[in-house]
12 protein chains.
Amino acid sequence: MTAPSTPITSTLSDEQKEITGKALQETLVDLIDLSLIAKQAHWNVVGAQFRSVHLELDELVTVAREFTDAAAERATAIGVSPDGRAETVAKTAATKGFGEGWTKDADVVVSIVENLKAVIAGLRERIDVTEDADPVTQDLLIGFASKLEQLHWMWQAQVA
Amino acid sequence: MTAPSTPITSTLSDEQKEITGKALQETLVDLIDLSLIAKQAHWNVVGAQFRSVHLELDELVTVAREFTDAAAERATAIGVSPDGRAETVAKTAATKGFGEGWTKDADVVVSIVENLKAVIAGLRERIDVTEDADPVTQDLLIGFASKLEQLHWMWQAQVA
Amino acid sequence: MTAPSTPITSTLSDEQKEITGKALQETLVDLIDLSLIAKQAHWNVVGAQFRSVHLELDELVTVAREFTDAAAERATAIGVSPDGRAETVAKTAATKGFGEGWTKDADVVVSIVENLKAVIAGLRERIDVTEDADPVTQDLLIGFASKLEQLHWMWQAQVA
Amino acid sequence: MTAPSTPITSTLSDEQKEITGKALQETLVDLIDLSLIAKQAHWNVVGAQFRSVHLELDELVTVAREFTDAAAERATAIGVSPDGRAETVAKTAATKGFGEGWTKDADVVVSIVENLKAVIAGLRERIDVTEDADPVTQDLLIGFASKLEQLHWMWQAQVA
Amino acid sequence: MTAPSTPITSTLSDEQKEITGKALQETLVDLIDLSLIAKQAHWNVVGAQFRSVHLELDELVTVAREFTDAAAERATAIGVSPDGRAETVAKTAATKGFGEGWTKDADVVVSIVENLKAVIAGLRERIDVTEDADPVTQDLLIGFASKLEQLHWMWQAQVA
Amino acid sequence: MTAPSTPITSTLSDEQKEITGKALQETLVDLIDLSLIAKQAHWNVVGAQFRSVHLELDELVTVAREFTDAAAERATAIGVSPDGRAETVAKTAATKGFGEGWTKDADVVVSIVENLKAVIAGLRERIDVTEDADPVTQDLLIGFASKLEQLHWMWQAQVA
Amino acid sequence: MTAPSTPITSTLSDEQKEITGKALQETLVDLIDLSLIAKQAHWNVVGAQFRSVHLELDELVTVAREFTDAAAERATAIGVSPDGRAETVAKTAATKGFGEGWTKDADVVVSIVENLKAVIAGLRERIDVTEDADPVTQDLLIGFASKLEQLHWMWQAQVA
Amino acid sequence: MTAPSTPITSTLSDEQKEITGKALQETLVDLIDLSLIAKQAHWNVVGAQFRSVHLELDELVTVAREFTDAAAERATAIGVSPDGRAETVAKTAATKGFGEGWTKDADVVVSIVENLKAVIAGLRERIDVTEDADPVTQDLLIGFASKLEQLHWMWQAQVA
Amino acid sequence: MTAPSTPITSTLSDEQKEITGKALQETLVDLIDLSLIAKQAHWNVVGAQFRSVHLELDELVTVAREFTDAAAERATAIGVSPDGRAETVAKTAATKGFGEGWTKDADVVVSIVENLKAVIAGLRERIDVTEDADPVTQDLLIGFASKLEQLHWMWQAQVA
Amino acid sequence: MTAPSTPITSTLSDEQKEITGKALQETLVDLIDLSLIAKQAHWNVVGAQFRSVHLELDELVTVAREFTDAAAERATAIGVSPDGRAETVAKTAATKGFGEGWTKDADVVVSIVENLKAVIAGLRERIDVTEDADPVTQDLLIGFASKLEQLHWMWQAQVA
Amino acid sequence: MTAPSTPITSTLSDEQKEITGKALQETLVDLIDLSLIAKQAHWNVVGAQFRSVHLELDELVTVAREFTDAAAERATAIGVSPDGRAETVAKTAATKGFGEGWTKDADVVVSIVENLKAVIAGLRERIDVTEDADPVTQDLLIGFASKLEQLHWMWQAQVA
Amino acid sequence: MTAPSTPITSTLSDEQKEITGKALQETLVDLIDLSLIAKQAHWNVVGAQFRSVHLELDELVTVAREFTDAAAERATAIGVSPDGRAETVAKTAATKGFGEGWTKDADVVVSIVENLKAVIAGLRERIDVTEDADPVTQDLLIGFASKLEQLHWMWQAQVA
């Protein structure tokens, strides 16, 4: 009762599918890790700005989780099996990570800005490579970049 | 501007705090991994029961995420810094994992039952050890077990 | 295509399962009968306090139905098949019943107080016997007792 | 402080009231038993279609409970005391009942189709007898039949 | 710029239209007056049951206003201009009216029961006369009677 | 069981109460009649602007009904029994009334502007007389005038 | 794996089923076409009343779609397979159609009145023929006629 | 009072308008037919997966209707009159249609997958041709393709 | 890090500020005590009217709490620090208090009427003294009096 | 018409009732005072963190008020009359109080942490003493401690 | 088709209308500018308090926009055409403006306090001049002052 | 405490940032002025279509305000300080303005069509220039054009 290796057909050519699938898989692990980092920060932040940062991090978690699902389900839509398991995330995400233990609010802000910057940089590259391969996927990634660049400004504004 | 190592005081004794903190940390990584496994299954399931299983998995994700937050914030409440980062989850979770690629619906159901069983077993042990250490934490773990055992029945009923 | 007699496995030992299953089955029939009694009273009450009692009875119905479902699904969660059929209820419920035909508001209040008292008495006993057998079930029964004792006060306050 | 035997006057003649009251009382017990049967099935169903059947049964419970209340309150509106107590239901309902213990999904579907068929048959007869006796009650019973025949199709479609 | 006397055509014959239009106009004034009487009682009731009766009267107002609109718009639908002006209501309504000034709760209940009885009696007659003239209007009047007879029971139950 | 003639005490002197009570009673009948006129127009309007005027009239009904209740309950609050029965309205309202039968949209607009003007004129006078007698009532009447003058503009703008 | 030709049993006799099924199939295609016509008008209307007519047409679409579903599901409930495919609608609907291209608002109103009139005429005939064949279906058709006759008045009032 | 043939001006050149208008008109008829096919399947499906497929089809109907409106209103926005009448749909839609009568669930799934594939193929072509003609329309079509390809995966996953 | 004694500037003169600040502080303690009294009665009421009085008291609590906040925040807005601590309330409130222990429903009603009367009397005086000092505060106090006099009527009506 | 001294019977023994009643009464006054202190701080806080602290204090008020009601109604449920009057609170609460006048944000945070610590300490003791006396009450107190310890962490995190 | 210069009649005398109209026009431009200033600050604020100030500014925008509409529509209600165009605002508003480019959070707070102070000062004057001219307008301006003085405190509290 | 001149870093090159920043600033002032013009028209429109146009203008205001915020926050996201102050809008917006005083409905429609046309023309140009500079911003502007061209059709349809 094992599933066939390619049960879902694609409207893309094999080459387009490979390029697009790779872009979506890379995006997927970055976004899952971003959501785990934001939650980790949400619990471990301390300092006078605790409440503000604590709440803002949960909004970032919500965004990251919603985009995660959209990226994974776009992969399935083009016939590519997404991999969002803990080990895959731990090994392949291009994020900057988050330190251990209780963390001061100002340090949290700096860390989140860096992680957002890393995720956005990846998205910008993939927006380029998917332009010809699949405009539908490109449109999705543009949407992710638009929102994450807005958040990038908001977090950065706090250290300005 | 690094944070002090123990910025949050506890109403528990050191011993109670150590026992309870360990129980919560173990619960935390199990629940995060359960949510990642359920999402992985949500995307990769195929078969005639696709829609039913796909929807049910998202309900499990919602439960696992809510309990994750409750476990982590109970740890903070007793002065213990929780660790829910991808690498920590990948290395320390006591779950059964989930296979690679597209997966038949019946196989998904079996895998979820096994993962739930593993998580519940851990909870049952921790309900015992926290009884004296911290009845507040015990009450939380009882609540987790109650819901996860209900889901265990529902998933198991599909293979009966 | 008949179902296996024990299709749902339990995290309890056989003895714990027997004790807990019995407690839940007894609770189930009491609560179903309580909901039928409250509906019967809801339709047959007459007197100056009609509207107040009529509305209050529907709140009791809602509580009884919600607890009924929770008790039955806890039984399934420990691998015990619940029985909530009309005949089983009629024969085994430990409630006090309700008289025939139109009933004066003051008589309704007295009857509801007595029925609540009987159901609570059963719950209090089962809270004791499930303490060791299954703390998860005990916690559920404590929740039922808490709400029903609140309603017991409210109905009793009307005859004070 | 016992209530008078006929505290509620009727806009119907004695004969109309007797015919209509009998039709409503018979409908009442059928509907209560239908709701108890559907709940029993909701808890005891097992098999690959578990989730779908489990959810669908709760929709049937909701319908049966809503119609139960409407039937009982129509009886009161014409001055007839309705009787919906467990023993009355157990002894007088014209439904087909439901077997003991865990039940396979396909068997549940067949049982529900049969119970719906029996309840609808009773309603169809009572729609005839109430046409002259009370068009208001007839209209109510037509509404019940309309919905239950829709559900009859939906459950039957699963075994087609 | 005066409007033509019959700008709205009817799907009924002239005779059917006359019978139905008369039934709807009579119903309209009864329902408007019922809503004004219920509001008058809502403001002037005094006594230990004040709050219960005060709230219940507003529910009656809501019902009466909703039915008023339905009756008037059914008249327009068959090409008959409805007349719901104060003077028409004051002169032609077949209700029982309501006394002047502050009124004891028990007296209010009796007055509402009598007014409901009068309005229902009119509806019952018009259900007969519209059966052949217009089944669509008959169905509407059956709906009004169904609800008002339910309220008649509820108000009457308070004096039982 | 008749009610005492003055069961509700007042925080106003007898003279203040008489002046204020008269102002509120006059306002009450004007507002009830305004709501009946607006409903009458709602049903009888014809012409190209039918839909717009039909909807706008229901907004006027909502406003008039809400103010009616506020005026009557302010009278009760100062110990004055309000009288909003059909005959009282028909005989004492200072509104301009509404013609019989189907009415062209432009005529409806003119009639509503005139009725609003009449009701506002009454309110303006009563705002003056209640200034010393009861600032609480004056504040209420100012609120009525504010909203009705806004509607007066909106209806008038349609004939500009 | 083809379906049996009559998988759904009926509570009607063969003759009743044939009469009722024909009435519902005719109603179904009329209502689907009415919804397509209203959408076509919704997009193509121009003129000073554009906004009012544009919005009103969407309300008609909503009504037509809701009734379409109710008619089709009543057919299935009596064991008759409904046919609402584009070609069937195009060939068998008894509506009046709608012209090509942009259309002035006044012309739209006239066209909608004519289409409503045609659909209502069909319903009135089917209300007669289903009275003996199936009162449940008759009740449904009466409900359709009631609402469509109300809309017929509202659209007609605009050309009065 | 006939409307001018081109009452709505366009921000596009004549050539751009012709290309874009054709793409939108083709999309419009495909989407209307998709919604009618999905409804037809919604009513005629039978088999063990009835409930799941029945519900899923209504979600497809909702999507198809929403996109239909967006496509038609984009046509109007560029000055092109859309044609969504039954006959136009029946004659020009590039969908695969749906068979007559009751249909087994597995056959329904296959048919929906084929219809989705056909509609997506048309969209993919039109995304290319509108890139230069009108990026606003292209963006709309990309959005349609994104959602329909997601649904294509979900339906296809059921036959995997 | 102690705060300056007057950190918030005022738009009032010193004299106006003193008069207005005193009026608001007196109002504040009266309203807090009213909310505590109403809660105390909510818990301790017994008698046949229990449910009605119990619910009505919570509505009074809601009103008192909302007004409390408005009074305190008006004080801050004019630069006056409000004092709503338990001891200040216990020592300075001009309410009538509430007896110890379980209390009969009729006694509760009388006590609430007296407390409302006392609070209203204070407000009426402060409406006078703030007229020149601060019309904004006066308007707020008029709003409090308006609502509390309505409640005064409703509670008093129950003993009429 | 004075109430009997013990109108509400208890399911507890006299000793259990005395222990549990004392625990609940002490909890009640602590929670009322906590809500008054939080409100006092809500109004008097100044400083750069004003908005964050101001909002967070209202969340604490909401929690304290909800727990207050639960504690008082648990007392009534075991037949003990709760006392939450201002003077009782002022004299018996074991909280730390709050200083007079405008208060800097950092001082507010420290004061709230201290008050929470005091209330939690009392709860921890009462969780012990009610374990044997009444597990239902113990469960309630565990729930209070769980939430207040979470808040204790959040407020404390701001001074870390 | 130009409009008449005074199409809306007024219930005020010419002198009253001139005074009131001037007060409302001045208020209108101040409020529009306040909303534009708050939005400008909302986008350009930077600093550690970014998030708190950013959110708080949008609440100010909401208030300013709501009051703008109320002021303009009060002008129309008394027959005066309001002027809220960009150039009029730029030339006549009595606000303090807002600097160019990115702005530190503390500077934003100071600027908003100054702008609020200026707007409130204007309102206080106009409350005086409208007392005799139009109490309805005065009541509106009192409402504006009440809310803006509350916000003035809240913003000022952040610099205390 | 003055802010640095470029506190927010950008993911764009300097040239891309300049081009994109200019496009967004131009869009911002156009949209703010469009919202002020629509509000001005909302207040000053008179004529038979008053209500329809008055309501439709508020929908335009809502759209313009939402897009204003999106444009300004996109500017901040790429590190450019947006300028939406009244004077900047008055001097640099490329809209067509709106005449003084009361305005006939037909004139309002023409003016809004012209203003929409001007704003859309600007957007179309900027969609071209941002294609290479920043696809994320281009996507945003395409979204604005899509909605405003839909509104352009709707307003234009009223003069067809």
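All chains are named by letter (A, B, ...) in the order of the sequence lines, taking the proteins before the strands, and each is independently numbered beginning at 1. If you're wondering where the values come from, they're calculated on a predicted model, not measured in any experiment.
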Pairwise salt bridge (Lys or Arg N to Asp or Glu O under 4.0 Å) hits with a residue in residues 27-37 of chain C, at least two apart: D30(C)-R126(C)

Can you pull out the residues in residues 50-60 of chain C with any heavy atom less than 4.5 Å from chain E? F50(C), R51(C), H54(C)

Go through the atoms of W155(E) and report whether side chain, backbone, both or neither lie under 4.5 Å from a heavy atom of chain C. neither

Above 12 or not: heavy atoms from other molecules or residues under 6.0 Å from CD of Q150(C)? yes

T92(E): what forms a side chain to side chain donor-acceptor pair (under 3.5 Å) with it, not counting sequence neighbours? none

Residues two or more places apart in sequence or in another chain: which of them pass side chain to side chain donor-acceptor pair (under 3.5 Å) with W43(E)? D69(F)

Minimum heavy-atom distance between V46(C) and A160(E), given as atom pair plus value: CB-CB, 3.5 Å

